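As a basis for the values below, the full set of heavy atoms in this structure was taken, side chains included, without hydrogen atoms, waters or symmetry mates. Since we're looking at a predicted model, the values are computed, not measured. First listed ligand is number 1; within each ligand, the first listed atom is number 1.
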Amino acid sequence: MSDCLFCRIVAGEIPSSKVYEDDDILAFKDIHPARPVHILVIPKKHITSLATVSVDDQAVLGRILVRANEIAVAQGSPDGFRVIINTGRVGQQEVPHLHAHIVGGPDPVGPMLKRL
Ligand code: 5GP
Ligand code: ZN
């Protein structure tokens, strides 16, 4: 069993509210939403952070961004959204499995968010 929280979510060992899934990525609702729409999109394969990616990860990273709009629209953010990828200590990344936050909702998300 992996001790990575998000690998365990991918494996179904920890429940999550999934909103999108394909062979390579999984999207689920953040447990502590910062905005009306707050989705985490992750590679199913363990990648620690943007600080550890390689060219081999290009396709899955692209897929996360390419799917972001349809995920946001389906979740109630029809007119745009913000993507945030906290990275490492300085980026205050808490879960060491790469994830893109998609935040949005019916209304503008406001100034750059202090903490996600
Ligand atoms: P980070 O600070 O690493 O960019 O963001 C981690 C995010 O994961 C936080 O927004 C936090 O609310 C979310 N999170 C932490 N544990 C869980 C969990 O068990 N399930 C879900 N759905 N989200 C989680
Ligand atoms: Zn992991």
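Annotation for Lys44 and Glu21: closest pair NZ-OE2, 2.8 Å, computed over non-hydrogen atoms. Taking each heavy atom of Pro96 and His46 in turn, the nearest pair found is O-CE1, 3.1 Å. Here the closest heavy-atom approach between residue His101 and residue His38 is recorded as ND1-NE2, 2.8 Å.
Contact annotation for Leu5 and ligand 1: only side-chain heavy atoms (C-beta onward) come within less than 4.0 Å of the ligand. Both the backbone and the side chain of Val95 come within 4.0 Å of ligand 1, judged by heavy-atom distances. Under 4.0 Å from ligand 1, the heavy atoms of Leu40 that appear belong solely to its side chain. For His101, every heavy-atom contact with ligand 1 shorter than 4.0 Å involves the side chain, none the backbone.
Near His32, meaning under 4.0 Å from any of its heavy atoms, are these atoms of ligand 1: 12 (O). Here is the list of ligand 1 atoms found below 4.0 Å of a heavy atom in Phe28: 21 (C), 22 (N). In summary, the atoms of ligand 1 found under 4.0 Å from a heavy atom of Asn86, numbered by their order in the structure, are 1 (P), 2 (O), 4 (O). Per-residue contacts place Phe6 under 4.0 angstrom from the following atoms of ligand 1 (heavy atoms of the residue considered): 8 (O).
For Ile31, a nitrogen or oxygen atom sits less than 3.5 Å from a nitrogen or oxygen atom of ligand 1, counting backbone and side chain alike. Any N or O atom pair closer than 3.5 Å counts here, and Lys29 shares at least one such pair with ligand 1. The N/O atoms of Gln93, backbone and side chain alike, include none that comes under 3.5 Å of an N/O atom in ligand 1.
Atom CG of residue Asp30 and atom OG of residue Ser16 lie 11.0 Å apart, to the nearest 0.5 angstrom.
At a threshold of 4.5 Å between non-hydrogen side-chain atoms, the residues Gln93 and His99 count as touching. Considering only heavy atoms from C-beta on, Asn86 stays 4.5 Å or farther from Gln92 through its side chain.
With a 4.5 Å cut-off between side-chain heavy atoms of Ile, Leu, Val, Met, Phe, Trp and Tyr, the cluster of Ile42 takes in Leu5, Phe6, Ile9, Val10, Ile14, Leu26, Phe28, Leu40, Val95. Taking Ile, Leu, Val, Met, Phe, Trp and Tyr as members and joining any whose side-chain heavy atoms lie under 4.5 Å apart, directly or through other members, the hydrophobic cluster of Leu65 also contains Val19, Tyr20, Ile25, Val37, Ile39, Val41, Ile47, Leu50, Val53, Val60, Leu61, Ile64, Ile71, Phe81, Val83, Ile85, Leu98, Ile102.
Residue-and-atom listing of protein N/O/S atoms under 2.8 Å from the Zn ion (ligand 2), sorted by chain and number: Cys4 SG, Cys7 SG, His46 ND1, His97 ND1.
Arg35 places no side-chain N or O within 3.5 Å of a backbone atom of Asp107 that could act as its donor or acceptor partner.
Among Gln92, Glu94, His99, the residue whose heavy atom lies nearest to atom 5 (O) of ligand 1 is His99.
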What side-chain donor-acceptor pairs closer than 3.5 Å can you find for residues 73-80, not counting sequence neighbours?
| residue | atom | partner | partner atom | Å |
| --- | --- | --- | --- | --- |
| Ser77 | OG | Gly80 | O | 2.7 |
| Ser77 | OG | Gly105 | N | 2.9 |
| Ser77 | OG | Gly105 | O | 3.4 |

